[in-house]
Amino acid sequence: MNDKDETNKARTTRPTTQEFKDFMGEHWAPHEDVEVTRIAAAPYAAERRARLSDLFPGTRFSVPAGELKTRANDTDYRFRPSSDFTYLTGLGIDHEPGAVLVFEPREGAAGHDIVLYLVPPAQPGDEGFYSDPAAGEFWIGRRPGLAEFEAMTGIATKALADLPASIDAAAEPGEDIRAALAEMRFVKDEYEIQQLRDAVDATIAGFERVVPELPRAIAHKRGERVIEATFDGHAREEGNAVGYETIAAAGPHATTLHWISNTGQVRAGDLLLLDAGVEVESLYTADITRTLPVDGTFTPLQRRVYEIVLEAADAAFAIVKPGIRFLDVHLAAMEVIEQRLTEWGIAPAQEDPESKLYRRWMVHGTSHHLGLDVHDCAEAKRELYLEGVLEPGMVFTIEPGLYFQEGDLVAPEELRGIGVRIEDDIVVTEDGAENLSAALPRDPDEVEAWMKRLAR
Ligand code: GLY
Ligand code: MN
Ligand code: MN
């Protein structure tokens, strides 16, 4: 593992003699260039940089990729660049700890000079090659250098050591710039929509890998971990990783909205709520939930709850088109939830309609934007997010649910411990919407048939 000299004086054993240094500095085969091509995101990222530059004339600012985050001592978490950095450079997995994208206003001219400052790799012949765990290629493998990053991104590159002293490499852009970036990210370009399609397709394939593992999950003492590990393994194989911690919630755990411990058993007769997303190599993620009967067949009661949630999801989807408010999607889902819970005699009488007491069973929102972040564009202004008007190219979730906690003394006893969420990823089109995740069955009969087909 890692061997950072500063943090590991207690166990470093590497010789420090000049003879060793000399020996390590020579007799390495000529260093082949890393083969690089212009990344597919490059022209889109160039257009985004130009738009951002236009929004902040005369302002100098920088967008850092972020640093490696320490897990403990000299052991770091796997690196993921900041989403704004990826948005503006097109650089995805593993690129590039410590990097910073600087927008320098041009003197006497419009626009900015934009430079990507990077830590160059330490190659054979450099002492850091074998002694620097962060940049040494003996430690981290062959890395692109400055010229290679320039070829990949089309952005001018310089060594981080040459960053002007007046620029703080770690400084986040100001609030106004972060909000502007979030608002730019609302509408996805064609490249982003394709990445999201790929993420959704990979996620659907992950759900298909989970179903045949259900017997193993039932037999295991922590069957939820069998579900999680199956999906997460798939995400590592087919994409970069999961886009957020997988929620594999069986039985009453399905009523815990962000159940990510996944330490529970998976029992026949219960429901399994699986909320999971593959993040692809470009770092776009899907976010899909299906609630499955563990033994392949919904009970009549489970089905009744499920059908209310499905009707709410369908009602929300049906109104999506350019020009409506984002909030209206939520309200359309809530209308169904309120009506059906009232008919069932579950929603209590209320003095003030604003109290919306039926929300006891669905305390979360119905939708959030989706993209490089699972909860994308979160730094946008409320009037442009919740109150904002839909435009073609926006991508968001529709994810109503009903959650009857085990200890909920208001809920009918037979419903306690039942949780259902159905979550799909939606793109707004010119005249309506497309459900990107429609290929993953959601109708209860289709879910049962699909599970039967996939069962081992
Ligand atoms: N998986 C978190 C969410 O659905 O928002
Ligand atoms: Mn979601
Ligand atoms: Mn989700």
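Start at 1 and go down the list; that is how both ligands and their atoms are numbered. Just so it is clear, the model here is predicted, and its values are computed rather than measured.
Put simply, the side chain of Asp232 never gets that close to the backbone of Ala229: no donor and acceptor are under 3.5 Å apart. The backbone N or O of Thr255 lies less than 3.5 Å from a partner atom in the side chain of Gln405, making a donor-acceptor pair.
Relative to the ring axis of Trp450, Arg290 does not place its NZ or CZ within 45° and under 6.0 Å from the centre.
For ligand 1, the atoms closer than 4.0 angstrom to any heavy atom of Glu423 are 4 (O).
Counting only distances under 2.8 Å, and ignoring water, the protein N, O or S atoms around the Mn ion (ligand 3) are Asp275 OD1, Asp275 OD2, Asp287 OD1, Glu423 OE1.
For Asp275, the heavy-atom gap to ligand 1 drops under 4.0 angstrom.
Only side-chain heavy atoms of Asp287 come within less than 4.0 Å of ligand 1; its backbone N, CA, C and O stay farther off.
Residue, atom and distance of the protein heavy atom nearest to atom 5 (O) of ligand 1 are His375 NE2, 2.7 Å.
Classification of Lys188 and Asp376 as a salt-bridged pair holds, one side-chain N sitting under 4.0 Å from a carboxylate O. Ion pairing of Asp84 with Arg178 is absent here, as no side-chain N (NZ or NE/NH1/NH2) approaches a carboxylate O to less than 4.0 Å.
For His112 and Phe56, the ring centers sit 6.0 Å or farther from each other. Side-chain rings of Phe298 and Tyr306 approach one another, their centers coming within less than 6.0 Å.
With 2.8 Å as the limit, His368 counts as an N, O or S neighbour of the Mn ion (ligand 2).
Note: no N/O pair closer than 3.5 Å links His258 and ligand 1 by distance alone.
The closest side-chain donor-acceptor pair between Tyr284 and Glu192 falls under 3.5 angstrom. Remark: the Glu224 side chain and the Trp259 side chain contain an N/O donor-acceptor pair separated by less than 3.5 Å.
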